[in-house]
Amino acid sequence: MRSVLIIDDAGFDRTIIRTLLTQSGFNVIGEAENGKKGIKMALELLPDIITLDKMMPDMDGMEVLIELSTKNINSKIVLISGDDLSSIKNQALHLGAKYFLKKPISKSDLKEKLEGLFV
């Protein structure tokens, strides 16, 4: 069972993502409500997958991506955003995200993308 860390400042979104993940057979090992805590938890927990919100108050998802890339974290990162701009998607992928998902996310899309990370 793949382990997942959720980094999202919105408790409601974390709950939805956690529910979708657990229903899809993933093991949510941690949740962080901001980027700084998320980075700390990623270094401690070493999850297989990190779901990362783009818009957060202390550090946005892009800043977290950059920071994690300097820490040699081997987690597969999926950026999740309400914005569907191709420039954001391209930047996220360039910075090391494996996928970009637009909110609201569906269970089938999330499961398909995350399972595809390890094929």
Are [X] and [Y] packed together at the side-chain level, in the sense that at least one heavy-atom pair is separated by less than 4.5 angstrom?
X	Y	value
Asp9	Pro57	yes
Val4	Arg18	no
Met62	Ile88	yes
Met56	Ile7	yes

May I ask you to decide if Asp48's main-chain N or O and Ser3's side chain share a donor-acceptor pair within less than 3.5 Å?
yes
Got a donor-acceptor contact below 3.5 angstrom from the Glu63 side chain to the Asp60 backbone?
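Checking the backbone N and O of Asp60 against the side chain of Glu63, a donor-acceptor pair under 3.5 Å is found.
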Are [X] and [Y] connected, step by step, through hydrophobic side chains (Ile, Leu, Val, Met, Phe, Trp, Tyr) whose heavy atoms are closer than 4.5 Å?
X	Y	answer
Phe100	Leu52	yes
Leu101	Ile16	yes
Leu21	Ile77	no
Phe26	Ile105	yes
Leu45	Met59	yes

Is the count of non-hydrogen atoms from other residues, nucleotides or ligands lying under 6.0 Å from Phe118 atom CZ greater than 12?
yes
Over 12 foreign heavy atoms within 6.0 Å of NZ, Lys113
yes
What distance do [X] atom [atom1] and [Y] atom [atom2] have between them, rounded to the nearest 0.5 Å?
X	Y	atom1	atom2	value
Ile39	Thr70	CD1	OG1	8.0 Å
Leu5	Lys37	CG	NZ	10.0 Å
Ile80	Ile50	CD1	CD1	12.0 Å

Show your working on salt bridge (charged side-chain N to carboxylate O under 4.0 Å, His left out) between Asp53 and Lys103 and close with a plain yes or no.
CA-CA 10 Å; Asp53 185 29; Lys103 291 180 184 178; 3.1 Å; yes
